[in-house]
Colleague: 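Please find one structure pasted underneath; my questions will follow.
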Amino acid sequence: VYFDVLVEVMFLVYVWLLIKGKINPPKLSLIGAAFFVFIVVSALATIFSVEPAKSFWGTPARSLAGGLFMYLHYFAFFAILTGVFEKKEDYLKILKFFTFIGFAIGFYGIFEKLFLGVERIDSLFGNPIYFGIFSLFVLFLDIYLLSAEKIRNLRIFYLVAALIAIGGVYLSLSRGPLLGLGIAIFLFSPFLISELFKKIKTIYPKFNAKIALAVIVFFMALFAIGSYQLFKDNYMVRRFESLLRLSGDSSALNRLASWNIAIEAVGDRPILGWGQENFNLVYYKYYDPQFLSNLSDEIWFDR
């Protein structure tokens, strides 16, 4: 409610300033165009929804976050930001402020682990998965600001903040954020290695990149095998193993069964779907009895 009211007030002021010619209109961009198309499709999906009112307003039990009403507020917020923030420095100020907030939230999460005995820390989010995802965003912002900052004390702060964010990702004990971090490192490694080799090549022209790459791959494999042997009894390692086996992970089986239900329902309304917030209708129509047998601890669908 706070976000909605704040955006509405901001939007009215923004439109008034536009009319007065005291502020620039939002700039056109590919991201803005994609966002606009998303809003148009969402509006059509709402109009042709099985329950249009729910698709527009969202579900009260879910804090009204999934309906077109909230999407329109997100789009208005995006339009205001792209109109007001014109320079890179403007965005950097916001990002720096955000990382300070992230540091405080992450620090409290570490405090939960060390002094409150919380197994899966969630800091101020009330959900470890949300906290893990938030820490992942903060981590990459910290890394970017660390590389761009020239003031020594701030660089030290971003380094410490990045380490706390890594701790937040891990101590949330949520597989999604950890898997995302692992994939990000995997995708970024070739770029990082390439840039490193270029710099070494300028200093040592006889540097052999192929041999160096083979050595790096060998030691990375050795490190991965050694780490697994050392931490194979770790809680998170066991969770990932159960995910790969599937048979021992009811949470993963629950998701796969829910996805199968969704795929079956696509055939009924293949273009615009059932409308936002209406998955419960799909779930009831194509309910899978295995939820009651194999997945006894989770007989409902998660968002």
Colleague: About how many Å separate CG of L178 and OG of S172, when rounded to the nearest 0.5 Å?
Modeller: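 Atom-to-atom, S172:OG and L178:CG are 6.0 Å apart.
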
Colleague: Start with the C-alpha distance between E112 and D122, add both sets of side-chain angles, then the distance that settles side chain to side chain contact (heavy atoms under 4.5 Å, CB included), and finish with yes or no.
Modeller: CA-CA 8 Å; E112 279 186 322; D122 55 24; 3.4 Å; yes

Colleague: Nearest 0.5 Å please: distance from the CZ atom of F131 over to the CG atom of N127.
Modeller: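 The CG atom of N127 is 11.5 Å from CZ of F131, to the nearest 0.5 Å.
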
Colleague: For D268, check salt bridge (Lys or Arg N to Asp or Glu O under 4.0 Å) against everything at least two apart and list the hits.
Modeller: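 D268 satisfies salt bridge (Lys or Arg N to Asp or Glu O under 4.0 Å) with K285 only.
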
Colleague: Return yes if some donor-acceptor pair links the side-chain N/O of N278 with the main-chain N/O of L281 below 3.5 Å, else return no.
Modeller: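 A pair under 3.5 Å: no.
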
Colleague: Which is it for Y287 and Y283 under the ring-ring contact (aromatic ring centres under 6.0 Å, His included) test, yes or no, and what are the steps along the way?
Modeller: CA-CA 5 Å; Y287 189 79; Y283 187 78; 5.4 Å; yes

Colleague: Kindly state whether the ring of Y144 and the ring of F140 have centres lying under 6.0 angstrom apart.
Modeller: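 Centroid separation for Y144 and F140: 6.0 Å or greater.
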
Colleague: Are F97 and L154 linked, directly or through other ILVMFWY residues, by side chains that come within less than 4.5 angstrom of each other?
Modeller: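 Hydrophobic grouping puts F97 with L154.
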
Colleague: Quick one: side chain to side chain donor-acceptor pair (under 3.5 Å) partners of K96, sequence neighbours excluded?
Modeller: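 For K96 the side chain to side chain donor-acceptor pair (under 3.5 Å) partners, ignoring immediate neighbours, are E149.
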
Colleague: Report the residues that fulfil ring-ring contact (aromatic ring centres under 6.0 Å, His included) with F98, sequence neighbours left out, ordered by chain and then residue number.
Modeller: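 By the ring-ring contact (aromatic ring centres under 6.0 Å, His included) rule, F98 matches F134.
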
Colleague: So if you build clusters from Ile, Leu, Val, Met, Phe, Trp, Tyr with side-chain heavy-atom gaps below 4.5 Å, do I271 and V40 land together?
Modeller: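 Yes, it is one cluster - the side chains of I271 and V40 are joined through contacts under 4.5 Å.
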
Colleague: How long is the straight-line distance from CD1 of I164 back to OH of Y108, given to the nearest 0.5 Å?
Modeller: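 One finds 15.0 Å between OH of Y108 and CD1 of I164.
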
Colleague: Can you pull out every side chain to side chain donor-acceptor pair (under 3.5 Å) where at least one residue sits in residues 68-85? Sequence neighbours excluded, please.
Modeller: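 Residue pairs passing side chain to side chain donor-acceptor pair (under 3.5 Å), neighbours aside: E8-H73.
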
Colleague: Judged by atom type as modelled, is there a donor-acceptor pair below 3.5 Å linking the side chain of S123 to the main-chain atoms of I105?
Modeller: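 Such a contact is found between S123 side chain and I105 backbone.
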
Colleague: Excluding sequence neighbours, so at least two apart, what forms salt bridge (Lys or Arg N to Asp or Glu O under 4.0 Å) with E89?
Modeller: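 Scan of E89 (salt bridge (Lys or Arg N to Asp or Glu O under 4.0 Å), adjacent residues dropped) gives none.
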
Colleague: Test R155 against every option in L145, V160, L146 by the side-chain contact (heavy atoms from CB on, under 4.5 Å) rule and name the one that passes.
Modeller: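 Among L145, V160, L146, the one that satisfies the side-chain contact (heavy atoms from CB on, under 4.5 Å) with R155 is L146.
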
Colleague: Describe, in one word, how the ring planes of Y158 and F100 are oriented to each other, choosing from parallel (under 30°), tilted (30 to 60°) and perpendicular (over 60°).
Modeller: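 Perpendicular, since the angle between the ring planes exceeds 60°.
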
Colleague: Taking a hydrophobic cluster as the set of Ile, Leu, Val, Met, Phe, Trp and Tyr residues connected by side-chain heavy atoms closer than 4.5 Å, whether directly or through intermediates, do F279 and I263 fall within one such cluster?
Modeller: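 Per the 4.5 Å side-chain linkage, F279 and I263 are not co-clustered.
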
Colleague: Can you tell me how far CD1 of I121 sits from NZ of K113, rounded to the nearest 0.5 angstrom?
Modeller: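 With rounding to 0.5 Å, NZ (K113) is 7.5 Å from CD1 (I121).
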
Colleague: Quick one: ring-ring contact (aromatic ring centres under 6.0 Å, His included) partners of F78, sequence neighbours excluded?
Modeller: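 ring-ring contact (aromatic ring centres under 6.0 Å, His included) check on F78 returns F35.
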
Colleague: Does V9 share a hydrophobic cluster with L12, counting links as ILVMFWY side-chain heavy atoms below 4.5 Å and allowing steps through other members?
Modeller: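 Hydrophobic grouping puts V9 apart from L12.
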
Colleague: Under the salt bridge (Lys or Arg N to Asp or Glu O under 4.0 Å) test, which residues partner E51, sequence neighbours left out?
Modeller: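 Salt bridge (Lys or Arg N to Asp or Glu O under 4.0 Å) list for E51, sorted by chain: K54.
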
Colleague: Just do the side chain to side chain contact (heavy atoms under 4.5 Å, CB included) check on V138 and D142 with the steps written out, would you?
Modeller: CA-CA 6 Å; V138 172; D142 286 332; 3.3 Å; yes

Colleague: Hydrophobic clusters join Ile, Leu, Val, Met, Phe, Trp and Tyr when side-chain heavy atoms are under 4.5 Å apart, directly or via other members; which others share one with L192?
Modeller: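 Traced through the cluster, L192 reaches F188, F191.
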
Colleague: Nearest 0.5 angstrom please: I23 CD1 to I80 CD1, how far?
Modeller: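 Atom-to-atom, I23:CD1 and I80:CD1 are 9.0 Å apart.
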
Colleague: How would you list, by chain and number, every residue that makes a ring-ring contact (aromatic ring centres under 6.0 Å, His included) with F85, sequence neighbours excluded?
Modeller: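 For F85, the residues satisfying ring-ring contact (aromatic ring centres under 6.0 Å, His included) (neighbours in sequence not counted) are Y91.
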
Colleague: When you group the ILVMFWY residues by side-chain heavy-atom contacts below 4.5 Å and let the links chain together, are I101 and L124 in the same group?
Modeller: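 Yes; I101 is reachable from L124 via cluster members.
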
Colleague: List for me each residue that meets ring-ring contact (aromatic ring centres under 6.0 Å, His included) alongside F77, sequence neighbours excluded, and say none if there are none.
Modeller: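 Testing F77 for ring-ring contact (aromatic ring centres under 6.0 Å, His included), a comparison that skips the adjacent residues, returns F3.
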
Colleague: According to side chain to side chain donor-acceptor pair (under 3.5 Å), who are the partners of S42, at least two apart in sequence or on a separate chain?
Modeller: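 Applying side chain to side chain donor-acceptor pair (under 3.5 Å) to S42 gives none.
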
Colleague: Going by the rule side-chain contact (heavy atoms from CB on, under 4.5 Å), which residues pair with L196 if we only count those two or more places apart in sequence or in a different chain?
Modeller: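 In terms of side-chain contact (heavy atoms from CB on, under 4.5 Å), with neighbours along the sequence ignored, L196 is linked to I200.
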
